[in-house]
2 protein chains.
Amino acid sequence: MKIGELAARTGVTPRLLRYYEQVGILHPFRSSNGYRTYGEPAVERVLQIRELLEAGFTTEMIREVLPCLADSDHRALGDCPVVADLDGLRHQLGSIERRIDTLQRNRQAIKAYLRAWEDAGA
Amino acid sequence: MKIGELAARTGVTPRLLRYYEQVGILHPFRSSNGYRTYGEPAVERVLQIRELLEAGFTTEMIREVLPCLADSDHRALGDCPVVADLDGLRHQLGSIERRIDTLQRNRQAIKAYLRAWEDAGA
DNA sequence: GTAAACATTCTCATTAATGTCAGGGTCAAG
DNA sequence: CTTGACCCTGACATTAATGAGAATGTTTAC
């Protein structure tokens, strides 16, 4: 499919799809006229990129982890390109875990605060 | 304490401390000479700001949630300034929970991937 | 009282993720 | 063949979070 259709199906602007290609997290083919051509799996990939970006990842982190996340259902390890840098991956993992931690602590605090107000208001 | 000391004690540059004031998440007093003056609790507050920023919050989100997080140990609800917008808070809570979710799913996937490689490599 | 250390404000620069617009190709429908 | 919809590249703008520097005032310590 061409960029417009992918954009429509993912809710992401063509501009951003081109950007994602530019930073190396999306790799469309080019047809002879120069148009970008995306396969069906691109849809899910783009959605995952969005999800990760909204969770606060940078495109650089995504470039590191996405290869190992993509298509995780039907893929054997052998399919993986040469092995993304495992140490980098472990590092990302640590950073993700720290973030989860911070988020959980703060979620707790906000919940407690809200509950206190709700109790008081009732 | 003055800005330099707070910077030293938190590892945050004076530049950023001024920035945090500018965006309304840090509120030093001013002494007669115009110098910013911070109280002891500012240290922890700054550290929390850093933590939240590193977890991917924006200063705007922090402005919303920090009032209800700050000093959460020794504070009665009554001390809270008029009540930060409870609905905004619930919204932030939802967003935090979605992020935790995304993060956890991806942590899982990365761990599985790493484990697979380690098993294979062994 | 002069110099060093630290403060102030203001301005400009940078990176990441986006938006927007301009100048041009491509293609399908009429 | 022309028009309209869609694609391409490239350039410039913006917001957030930072860094860096200039020009200037204040405090400290000799």
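Protein chains get the first letters and strands the later ones, always in sequence-line order, with residue 1 at the start of each.
Rounding to whole angstrom units, CZ of residue B/Arg18 and P of C/dC6 are separated by 13 Å. Atom C1' of nucleotide D/dT27 and atom CD1 of B/Ile3 are separated by 16 Å, given to the nearest angstrom. In this entry the distance linking CD of B/Glu5 with C1' of D/dT27 reads 15 Å, nearest Å. Atom C1' of nucleotide C/dA17 and atom CD1 of A/Ile25 are separated by 10 Å, given to the nearest angstrom. Separating the CD atom of A/Glu54 from the C1' atom of C/dA17 is a distance of 12 Å, rounded to the nearest angstrom. Between A/Leu52 atom CG and C/dA17 atom P there is a gap of 12 Å when expressed in whole angstrom units.
Checked for salt-bridge contact, B/Glu51 and A/Arg99 miss the test: no charged N lies under 4.0 Å from a carboxylate O. Checked for salt-bridge contact, B/Arg98 and B/Asp101 miss the test: no charged N lies under 4.0 Å from a carboxylate O. Salt-bridge annotation for A/Arg9 and A/Glu40: present, with a side-chain N of the basic residue lying under 4.0 Å from a carboxylate O of the acidic one.
Contact check for B/Phe57 versus B/Ile96: side-chain heavy atoms found under the 4.5 Å cut-off.
Scanning residues 28-40 of chain A for heavy-atom distances under 4.0 Å to DNA chain C yields A/Asn33, A/Tyr35.
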Return a single string for nucleotides 10-23 of chain D, one symbol per nucleotide in 5' to 3' order, where B is base contact, S is sugar-phosphate-only contact and - is none, cutoff 4.0 angstrom on heavy atoms.
------SBBBB---
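In this structure, a donor-acceptor pair under 3.5 Å is absent between the side chains of B/Tyr20 and B/Arg45.
Residue A/Glu60 qualifies as open at atom CD: its count of foreign heavy atoms under 6.0 Å is 12 or below.
Heavy atoms only, all atoms of each residue included: B/Ile3 and B/Pro14 are closest at CD1-O, 3.6 Å. The heavy-atom pair separating A/Ile49 from A/Ile25 by the smallest distance is CD1-O, 3.6 Å.
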